[in-house]
Amino acid sequence: MLENMNEKCAVVGIYGHKEASKLAYFSLHALQHRGQEAAGISSSDGEKLHTIKDRGLVMKVFNEQKLATLSGTNAIGHTRYSTAGDDSILDAQPVFARYDLGEMAIVHNGNLTNADEVRNALIKKGAIFQTFMDTENLIHLIAKSEKEKLLDRIIDAVKRIEGAFSLVFLSRTKMFAMRDRHGFRPLSLGRIANGGYVVASETCAFDLIGAEFIRDVEPGELLIFEQDKAPISVKVFEPTPKKCIFEYVYFARPDSKVFGQSVYQMRKNMGAELSKIRPVEADMVIPVPDGGVPSAIGYSQASGIPYEMGIMRNHYIGRTFIEPTQEMRDLKVKMKLSPMTDIIKGKRVIVIDDSIVRGTTSRRIVKMLKEAGASEVHMRISSPPTTDPCFYGVDTPDKEKLIASNMSTDEICDFIEADSLAYLDSDALLRSVNATTDDYCTACFTGKYIV
Ligand code: SF4
C-alpha cells in the first residue's frame, strides 16, 4: 500500500467551451486522487485571467458562486499534493503572473531536476520569487525571454529546464500543453462532445465531462490551442520516452487510459504474472483495497483460487491526529482497513498489495489478518521492491527509509511476519504493461535514473 508515495499533482486544460471553468472543476474532481492538499482554476475571458486557488479538496475550494466568477471559454486547473515548496496557499497552482506581454497562468505536474540551478541563476540576475515551487522558474524564464511571441518564449523557457513536466499554459486568448521529452508524467488530449478541447493528466476526467479521447500529447510535443482551429503540434524536443511505470502500478485511476493503455487491464496483467511466477497454495486471494483490487482479480482468474473481499476499506477517514504509540498506530490502520473475520477465519489467504514502502503498514495488515483468524498469510506484491526514491514528480521517502533498500525479501518477510512474501520482478512487470522497448522509467526499483 503506497501510502508513503504520492503523486504530486494533476493538471487539466479546457479550451473553447462556454462552461470552461465548470468543466475544469468536474475534471479536477475526477483527478482528486492525484493531489488532495490544494486546488485551483484560472480562466480567461479573452480580456483578463481570473484565478481562484486554496488549500483543501476541490469540493472545499470551489462553490457555485466562485465558479461563476471564473468566466470565459478557456480554463486550466490543478490539484496539488504538497511537497516541493510548503503547505501555504502561495504554493497552490495555477501560478499566475502579469508580464510585458499581458497575463499568464501555468499548471505543472512533475518535478524539475535543475530547478535550484535555474532559480539561483535567476535570483543572481535580480528575480524575486514568491514561492518555493519549481514552476515559478518558468514564469521568470518566460518573462525574461527576449523572444517577441509567447509561443517562442515558452519554447525558450522549456529548453532551459530539465526533468519531468506535463504543463498547461493559459494566456488571454490561447492555451498551450506540453510534455517533457521523456514523457514521465501522462497528459492526454480529448474532444469535448459539444465543442472545444480538453487536456488532462488522466482520461477519467474525459469520461466525466463527456469528452472523447483523441491521443496522448507526445513526449517533447507542444500543442497550441487557438480560437476556431484544431490544436497545432510543434515538436520541441526529439522524444526519448521514459514513461513512469508506477502510473500503472499505483498512481492512476483504474478507469483511466494512461500512455494509451487501460490501467485496470495492466493491473490485472500484473496479478496474472504474479500468480505464474510466485504461486502459492491457498484458499482465497484478497486485495489490500483499493490499490490491490485489479491485481488480485488478475491473480485469482489466472490461478483459479477464489477472490474474496477479505478486507474492507473505510473511505471516510481523513487525516487522524492521534498519539503515536504502538497501540494507537495499529488502531489507525484498523480505522482504515477492517478484516472480514467470517471470511478469513481458518483460511490460508494470499494478500495482494501494489507495493511495500516502509513495511510498517504491511506488518499491521498481516497482524490484523492473523488476529482475525487467518491460518496462513502470504503477501504478494504486484511490483518489484521499491529501493530508490523518485525525482520525477512523485513524493517518496528517502532511500534509507525504503525497507527494500535495507533488507532482503526474506528479511522483509520476517519483519512483516507473513508466512511468505514475493514480489513481481522487473521483466514480468514490463511484460504486464506490454513494454516492447526500453521506454519506461523504472528508477524507483532499479536505481537507473535517466536525468
Ligand atoms: S522513479 Fe518510479 S515513480 Fe518516479 S517516474 Fe520513475 S517509475 Fe515513476
Side-chain angles (χ1 to χ4, degrees), residues 1-11 31 33-35 80-81 83-84 108-115 134 161-167 179-188 201-202 216-220 237 239-254 256 258-261 263 266-267 269-270 291 295 353-358 381-405 423-435 437-451:
M1 192 182 196
L2 280 172
E3 61 179 13
N4 294 307
M5 274 175 88
N6 291 286
E7 180 69 55
K8 280 186 185 169
C9 309
V11 296
L31 298 168
H33 59 288
R34 296 178 78 91
R80 175 177 168 75
Y81 173 79
T83 50
H108 172 204
N109 175 205
N111 213 35
L112 305 184
T113 48
N114 66 341
D134 46 10
I161 59 173
E162 284 169 14
F165 51 88
S166 283
L167 295 160
R179 256 173 104 199
D180 67 78
R181 73 185 77 203
H182 303 295
F184 286 109
R185 309 258 67 88
L187 190 63
S188 299
S201 297
E202 287 183 38
D216 282 345
V217 179
E218 295 299 327
F237 300 109
T240 48
K242 286 287 172 194
K243 301 165 279 189
C244 170
I245 207 159
F246 254 95
E247 290 286 347
Y248 288 138
V249 173
Y250 173 74
F251 303 129
R253 242 172 64 162
S256 284
V258 162
F259 309 136
Q261 304 189 96
V263 174
M266 298 305 106
R267 286 188 192 154
N269 295 352
M270 289 170 208
S295 304
D353 206 349
D354 41 46
S355 188
I356 299 179
V357 180
R358 294 171 195 255
I381 305 298
S382 61
S383 64
T386 309
T387 50
D388 293 85
C390 175
F391 300 108
Y392 310 133
V394 174
D395 182 43
T396 33
D398 295 338
K399 189 171 169 71
E400 58 272 18
K401 293 194 177 127
L402 297 168
I403 192 167
S405 80
Y423 291 85
L424 198 63
D425 62 35
S426 263
D427 288 347
L429 177 58
L430 290 166
R431 260 197 318 274
S432 305
V433 304
N434 305 313
T437 53
D438 192 18
D439 57 355
Y440 281 92
C441 174
T442 56
C444 51
F445 52 83
T446 58
K448 289 182 190 158
Y449 296 102
I450 305 110
V451 184

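Remember, predicted model here, so these are calculated numbers, not experimental data. Numbering of ligands and ligand atoms starts at 1, following listing order.
At distances below 3.5 Å, at least one donor-acceptor pair connects side-chain atoms of Y248 with backbone N or O atoms of V258.
For ligand 1, the atoms lying closer than 4.0 Å to a non-hydrogen atom of C441 are 1 (S), 5 (S), 6 (Fe), 7 (S). Under a 4.0 Å criterion applied to the non-hydrogen atoms of Y392, ligand 1 contributes the atoms 5 (S). Residue-ligand proximity, A443 to ligand 1, at heavy-atom distances under 4.0 Å covers atoms 1 (S). The ligand atoms of ligand 1 that sit less than 4.0 angstrom from a heavy atom of C444 are 1 (S), 2 (Fe), 3 (S), 7 (S).
Using a 4.0 Å cut-off between a side-chain N of Lys or Arg and a carboxylate O of Asp or Glu, R181 and E162 do not qualify as a salt bridge.
Metal site remark for atom 4 (Fe) of ligand 1: C390 contributes an N, O or S atom at a distance under 2.8 Å. Atom 8 (Fe) of ligand 1 has an N, O or S atom of C244 inside 2.8 Å of it.
Between Y449 and F391, the two ring planes are tilted [angle within 30° to 60°]. The aromatic rings of F246 and F251 are tilted relative to each other, their planes meeting at an angle between 30° and 60°.
To the nearest 0.5 Å, atom CZ of residue F445 and atom OG of residue S383 are 7.0 Å apart.
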